Structures are given as C-alpha cells and as structure tokens.
Colleague: 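Following this message is one structure expressed as structure tokens.
Sequence positions, counted from 1, serve as the residue numbers for this chain. One-based numbering, in listed order, for ligands and for the atoms of each. All values reported here derive from a predicted model rather than from experimental measurement.
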Amino acid sequence: MSFVEFNNVTFGYKEDDYLLLEDLSFSAEKNDIITVIGASGCGKSTLFRLMTCLETEYKGSITINGKTPKEATGTAAFMPQKDLLMPWRNILKNVTLPLEALPMSKAERISQAKEAIEKVGLSGCENKRPSELSGGMRQRVSFARTLVQLWHGRELMLLDEPFSALDSLTRISMQDWLIGQVKGLDATVMMVTHDVEEAMLVGNKIFLLSGRPVKQIKVIDVSHITCREDLYTPSSVELKNELVRAFLTEKAERGDNI
Ligand SMILES: Nc1ncnc2c1ncn2[C@@H]1O[C@H](COP(=O)(O)OP(=O)(O)O)[C@@H](O)[C@H]1O
Ligand SMILES: [Mg+2]
C-alpha cells in the first residue's frame, strides 16, 4: 500500500455547480518528494484540503498511511497557501504554537522554535509581530512552523506554494535549502508550486493536473534533476518547454485570458 492513496475520488464544492475532481486516483510513496502543478483554480489546494480533513464530503477513498484523513489527523504538517499566522502573537510564539500541545518543557519549545526560525533565516525577528514582516518573511515563519511539526513525528509535509511571495534570490536560496532539508527527512513531501523550474528541481516526481474536472494526474519522473545545473541540459529545457506549453493550452481551454 502506498503512503498516500486516492482511489476514484470525486469532489466538488457545495457552493459550486461543477465537479473539481472526478474518479481521480493517484498515489504517493513514502519518501516521495512530489511537486504539484496545474492551472490556477484546477484543484491543487483542494487536494490538500481533502487530505487534512478540511473537506470531508467526497466520494471514493482517500488513505494516508492506510488510515482515513480523519484517523490520520496529526500525520501531516500542513503549510496552507495563505499564512495563518496569529497577528497578536509574535514570531516566536507563532512558531511554538504547534508544540504547545506536546509534552515538552517551555524551554525546549522555545529552543526548537528558535532553531526553526534560524533555519529560515529570521533570527532576530522573534519578537516582531506578523504585521511587521513582509509577505515573504511571513511565508518563512509559516514554513518554520511547519518544520517544527515535522521534527515531532509528522510523516507527511504538505506545502502549498510556500515560496510564492519571495523575491527571486531568496526563493532560489530557499529552494536549495529545502532540497537539503527534505533529503534527510523520513517523510513524504507534496508541494504545490506555480513555478515549473521549481517543480523540476525540488521534486523527484511532478504531478501535472489538468482538465475540469481533473480525472487523472500525469506523473513525470524528474528524479534525475538534482541540482540547478541539471535544469539547463537539453532534455530539461525540452521538458520545461513542454510543461509551459501544457499550461498555456490548459489556460486557453479554460478561457482564462489573464
Ligand atoms: N472553500 C471553498 N469553497 C468553495 N469553492 C472553493 C473553495 N476553495 C476553492 N474553491 C474553488 O474551487 C476551485 C479550485 O480551487 P483550489 O483548489 O484552491 O485551486 P488551485 O489551488 O489549483 O488554484 C476554484 O475555482 C475555487 O474558486
Ligand atoms: Mg491553490
């Protein structure tokens, strides 16, 4: 059995009169690093909402480590697309938040949160409030909060466009940093991105979603792309162009002219 399994899943939001996913099946193995791409609005974030029990009215079966999403509560460290930092808590206290339910001393919580804050390059910002940080910095705090959860036995990391608000240089350094981080983790990682190069570099597999509803996911093996230089080989450039073309076709088919 695979670590994550979707079997014949059909889902649409009640408010909407169309299906987003229809009879969709896919799986992710333990230690897979999967990057998820697809046109805006196709249902990428919804996959994560289903896995984390934020949406429960689906048909078909979803299992995480053999359990239903409800039974598997606490398995995933989830970084949602919108950072859900608490405005009244400072950065340190936002990062310690997921540790508060765990049996550990306050000093240990603070020390782990500080370590995560350091890892995302925000040491010195511990006492600031989220409103005092840029969008990119808030994303990094949100990432640090996800990271501390992972240090406590979460086996699945779900990252929804974690670097979208970062400037390009910070983004590059965060991508390289993430690759180093996830390599040593005993976890399955799924990361949504709208950046094709990021998808090729960070993932060992790309999940390409298309169609409305999404009926199947195209899986592209990119495990041979392990460093930035690998993005510039002729076969990588060709793959990148292919993926960009797939995006543009999808956009045109949706009548999305933005
Ligand atoms: N909580 C929700 N309630 C109703 N409709 C939603 C909700 N979240 C997303 N949608 C709709 O479902 C579609 C897919 O959304 P989403 O999964 O967020 O797309 P993506 O992450 O691929 O951009 C969009 O048309 C969006 O408007
Ligand atoms: Mg989304």
Colleague: For the atom pair CD (Glu161) and OG (Ser45), what is the distance rounded to the nearest 0.5 Å?
Modeller: 6.5 Å
Colleague: To which of Val214, Ile37, Thr46 does the heavy atom nearest atom 16 (P) of ligand 1 belong?
Modeller: Thr46
Colleague: Any atoms of ligand 1 less than 4.0 Å from a non-hydrogen atom of Tyr18? List them with their elements.
Modeller: 25 (O)
Colleague: Show which atoms of ligand 1 fall inside a sub-4.0 Å distance from at least one heavy-atom site of Ser40.
Modeller: 23 (O)
Colleague: Calculate, to the nearest 0.5 Å, the distance between atoms CG and OG belonging to Leu178 and Ser173 respectively.
Modeller: 11.5 Å
Colleague: Start with the C-alpha gap between Met174 and Gln139, add the side-chain angles, then the distance that decides, and say whether side-chain contact (heavy atoms from CB on, under 4.5 Å) holds.
Modeller: CA-CA 11 Å; Met174 286 298 287; Gln139 263 185 331; over 6 Å; no
Colleague: As a quick check of understanding, evaluate side-chain hydrogen bond (donor to acceptor under 3.5 Å, both in side chains) for Ser223 and Asp221, giving each step before the final call.
Modeller: CA-CA 6 Å; Ser223 54; Asp221 182 349; 2.7 Å; yes
Colleague: Can you check atom 26 (C) of ligand 1: any protein non-hydrogen atom closer than 4.0 Å?
Modeller: no
Colleague: Provide the number and element of each atom of ligand 1 under 4.0 Å from a heavy atom of Leu20.
Modeller: 12 (O), 13 (C), 14 (C)
Colleague: To which of Gly43, Gly38, Gly12, Ala39 does the heavy atom nearest atom 19 (O) of ligand 1 belong?
Modeller: Gly43
Colleague: Can you sort out which atoms of ligand 1 are near Asp16, meaning under 4.0 Å from one of its heavy atoms?
Modeller: 5 (N), 11 (C)
Colleague: Between Glu100 and Arg109, is there a donor-acceptor pair closer than 3.5 Å when you use the side chain of the first and the backbone of the second?
Modeller: no
Colleague: Between the side chain of Glu108 and the main-chain N/O of Ser105, is any donor-acceptor distance below 3.5 Å?
Modeller: no
Colleague: What protein N/O/S atoms are found closer than 2.8 Å to the Mg ion (ligand 2)?
Modeller: Ser45 OG, Gln81 OE1
Colleague: Just jot down the ligand 1 atoms closer than 4.0 angstrom to any heavy atom of Cys42, in number order.
Modeller: 19 (O), 22 (O)
Colleague: Looking only at distance, does Glu55 have an N or O less than 3.5 Å from an N or O of ligand 1?
Modeller: no
Colleague: Starting from atom 1 (N) of ligand 1, which protein heavy atom do you reach first, and at what distance in Å?
Modeller: Tyr13 CE2, 3.7 Å
Colleague: So is Lys44 polar-close to ligand 1, meaning N/O to N/O under 3.5 Å?
Modeller: yes
Colleague: State whether the number of non-hydrogen atoms from other residues, nucleotides or ligands found under 6.0 Å of Glu132 atom CD is greater than 12.
Modeller: yes
Colleague: How about Lys205: does its NZ atom have over 12 heavy atoms from other parts shown lying under 6.0 Å from it?
Modeller: yes
Colleague: Counting only heavy atoms not in Glu118, do more than 12 sit closer than 6.0 Å to its CD atom?
Modeller: no
Colleague: Just need the protein heavy atom nearest to atom 18 (O) of ligand 1, so name the residue and atom and give the distance.
Modeller: Ser45 CB, 3.5 Å
Colleague: Would you tabulate the side-chain donor-acceptor contacts of residues 6-24 under 3.5 Å, counting partners in other chains and residues two or more places apart, or write 'none'?
Modeller:
residue: Asn7; atom: ND2; partner: Glu5; partner atom: OE1; Å: 3.3
residue: Asn8; atom: ND2; partner: Asp23; partner atom: OD1; Å: 3.1
residue: Thr10; atom: OG1; partner: Asp23; partner atom: N; Å: 2.9
residue: Tyr13; atom: OH; partner: Thr46; partner atom: OG1; Å: 2.8

Colleague: Between the side chain of Arg140 and the main-chain N/O of Leu166, is any donor-acceptor distance below 3.5 Å?
Modeller: no
Colleague: Answer yes when Lys30 and Glu155 have at least one side-chain N-carboxylate O distance shorter than 4.0 Å, and no when they do not.
Modeller: yes
Colleague: Tell me the protein heavy atom at minimum distance from atom 24 (C) of ligand 1, and give that distance in Å.
Modeller: Gly41 O, 3.9 Å
